[in-house]
Amino acid sequence: MAEYEHHEQPFAPVFDENSKVLILGTFPSVKSRANNFYYGHPQNRFWKVLAALCGELVPQTVEEKSP
């Protein structure tokens, strides 16, 4: 039988009064939690997909990815 580990969700939601789109994701990966940032693993496709949808360059740094 599989063993389960309890993990707390370390990140607060990112939104403000101008938010219009809700993007749902999975629980942050070990790498994202270690980087203290959503979708923090460089192999994660989230930022590539979001950049393509918005017609922008793929952000490379946390500062470029932050609102």
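The basis for the numbers below is simple: all heavy atoms, side chains too, and nothing from hydrogens, waters or symmetry mates.
- With a 4.5 Å cut-off between side-chain heavy atoms of Ile, Leu, Val, Met, Phe, Trp and Tyr, the cluster of Val49 takes in Leu53.
- With sequence neighbours left out, the side-chain contact (heavy atoms from CB on, under 4.5 Å) criterion links Val62 to Phe37, Ser66.
- Applying the side-chain contact (heavy atoms from CB on, under 4.5 Å) rule to Leu57 yields no partners; only residues at least two apart in sequence or on another chain are considered.
- Put simply, NZ on Lys48 and OH on Tyr39 are 15.0 Å apart, with the number rounded to the nearest 0.5 Å.
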Which atom pairs, donor and acceptor, lie under 3.5 Å between side-chain atoms of residues 13-24 and protein residues at least two apart or in another chain?
residue : atom : partner : partner atom : Å
Asp16   : OD1  : Asn18   : N            : 2.8
Asp16   : OD1  : Ser19   : N            : 3.3
Ser19   : OG   : Asp16   : N            : 2.9
Ser19   : OG   : Asp16   : O            : 3.1

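- Among residues two or more places apart in sequence or in another chain, the side-chain contact (heavy atoms from CB on, under 4.5 Å) test is passed with Glu56 by Cys54.
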